[in-house]
2 protein chains.
Amino acid sequence: MVVTTPKHSGHEHPRPRSAAVVDDIIAQLCDLGYRDTEPRRLVISAVAAQSRPFTAEELCSALPCVGRATVYRGLRLLVETDQVCRILLEDHELRYQLSQPGHHHHLLCGVCGASADLEGCGAEDLLREAAAAAGFRMKGHLLEVYGECVECVED
Amino acid sequence: MVVTTPKHSGHEHPRPRSAAVVDDIIAQLCDLGYRDTEPRRLVISAVAAQSRPFTAEELCSALPCVGRATVYRGLRLLVETDQVCRILLEDHELRYQLSQPGHHHHLLCGVCGASADLEGCGAEDLLREAAAAAGFRMKGHLLEVYGECVECVED
DNA sequence: ATAGTTTCCGAGACGGAGTATCATTATGGT
DNA sequence: ACCATAATGATACTCCGTCTCGGAAACTAT
Ligand SMILES: [Mn+2]
Ligand SMILES: [Mn+2]
Ligand SMILES: [Zn+2]
Ligand SMILES: [Zn+2]
């Protein structure tokens, strides 16, 4: 499964910076047995181009040439393979963001919509203990932090 | 489809335990300017009768004589007035449960579906500090704990 | 390259969940 | 009893995500 050049169809565009990210993710997907397809690359590319957490529908709008079902399927695959995080806003709106793999949480700014990763905050152990005190065996958790980011606080 | 008497039918039922709960919640709603209506009482009564977190649709099924919109409105009112908690399961299913007012979280058993309240676990302060370290001003958070309850662990 | 196998795509149908509409009814204050 | 208005409920609607299925594309084997 060598991940070489994506098939160009037509003109020779200068490679966007995100191309490396796309190649990297495609490579991982190929290792898992998924195929290297043009629509898939387009979805990954659009995901990588977002600077803020985005909704699935926003992604669809950004990809008018890709079928809606394909966008949703691609997004789901990226979440399942831990390339993209699902983010839950305070109003229960579901958003997504390209993310480092591994367990972490998000600091979500209600003003500008930005998201910052938060890891190793130690809350997990505390929770596990508190749960254990009630005889409860913690096996997972959902945690989102809402507030204002550095830049928005300064204004 | 006249629903039979709210107060008393011909027979003398011993008042269910939940009647006190219903009266109590209705009283609070009246203080806020909401009216004491039969459908509202039915919704509250059905909510109080649930032993596990329930979905809105389950509540609708349990109340075939109350309009679906009314059930949803009643549920929303109870959430807004902090009588009922919204609970988010791991698969993102939204459930509800009668609850004590005030800030707390939930220990959710994935085996039997039970929910236990968790308060004062100290995770909030820890989170606020961790967020502050990144210049982020925490103003709220969403936290659900998933695992197995005492009874289910023992099996 | 060619042919064959299987995944993938995409237009559209579908389904669940919650909300909006609006004519009608019930409630609570006077 | 009367009235203003809050609440109800049938229904239509929106939103979001999944399913279906015929056709296309991607990999594999020859
Ligand atoms: Mn993330
Ligand atoms: Mn609760
Ligand atoms: Zn911000
Ligand atoms: Zn249990």
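Chain A is the first sequence line, chain B the second, and so forth, proteins listed ahead of strands; every chain is numbered from 1.
- To the nearest angstrom, C1' of D/dA7 lies 15 Å from CZ of B/R41.
- None of B/E144, B/Q97, B/H106 except one satisfies the side chain to side chain donor-acceptor pair (under 3.5 Å) rule with B/S115; the exception is B/Q97.
- Within the 3.5 Å criterion, the main-chain N or O of A/C112 finds a donor-acceptor partner in the side chain of A/R52.
- Taking the screw axis at each terminus of the helix from C/dA1-D/dT30 to C/dT30-D/dA1 from five consecutive base pairs, the angle between the two is 40° to within rounding of 10 degrees.
- With respect to B/E38 and B/R40, no salt bridge is recorded, no charged nitrogen being found less than 4.0 Å from a carboxylate O.
- Contact of B/R73 with C/dG18 (side chain to base): no donor-acceptor pair of N or O atoms is detected under 3.5 Å.
- Listed pair A/R40 / C/dC8 meets the phosphate criterion, a side-chain N or O lying under 4.0 Å from OP1 or OP2.
- The phosphate of D/dT18 has neither OP1 nor OP2 within less than 4.0 Å of any side-chain N or O from A/Y72.
- Taking atom CZ of residue B/R76 and atom C1' of nucleotide C/dA17, one finds them 13 Å apart after rounding to whole Å.
- Between B/L42 atom CG and C/dA26 atom P there is a gap of 14 Å when expressed in whole angstrom units.
- Atoms CG (B/L94) and P (D/dC16) sit 16 Å apart, rounded to a whole Å.
- Note: the hydrophobic cluster containing A/L63 also contains A/F54 (ILVMFWY, side chain heavy atoms under 4.5 Å, direct or indirect links).
- For A/Y34, the OH atom sits in a loose shell: 12 or fewer heavy atoms of surrounding residues, nucleotides or ligands are nearer than 6.0 Å.
- Separating the CG atom of B/L29 from the C1' atom of D/dA7 is a distance of 13 Å, rounded to the nearest angstrom.
- Neither B/L94 nor B/V145 shares a network with the other; the hydrophobic side chains, linked directly or stepwise wherever heavy atoms of I, L, V, M, F, W or Y lie under 4.5 Å apart, form separate groups for each.
- Note: CG (A/L88) to C1' (D/dC16) measures 14 Å, nearest angstrom.
- Note on A/M138 and B/L89: separate hydrophobic clusters, where clusters join Ile, Leu, Val, Met, Phe, Trp and Tyr whose side-chain heavy atoms are under 4.5 Å apart, directly or indirectly.
- Taking atom CG of residue B/L63 and atom P of nucleotide D/dG9, one finds them 10 Å apart after rounding to whole Å.
- For B/R68 and C/dG18, a side-chain-to-base donor-acceptor distance below 3.5 Å is present, hydrogens and geometry of angles not being considered.
- Among the nucleotides C/dA17, D/dG17, C/dG10, the one closest to any side-chain atom of A/P39 is C/dG10.
- Each of B/A56 and A/C65 was matched to the nucleotide of DNA chain C holding its nearest heavy atom; the match closer to the 5' end belongs to A/C65.
- The aromatic ring centres of A/H141 and A/H103 sit less than 6.0 Å apart.
- With rounding to whole Å, A/L32 atom CG is found 16 Å from D/dC27 atom C1'.
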What N/O pairs connect the protein and nucleotides 28-30 of chain C at under 3.5 Å? Give each pair on its own line.
residue : atom : partner : partner atom : Å
C/dG28  : OP1  : B/D36   : N            : 3.1

* So A/E58 and A/Y96, side chain to side chain donor-acceptor pair (under 3.5 Å) or not? Walk me through it. -> CA-CA 10 Å; A/E58 282 169 8; A/Y96 299 86; over 6 Å; no
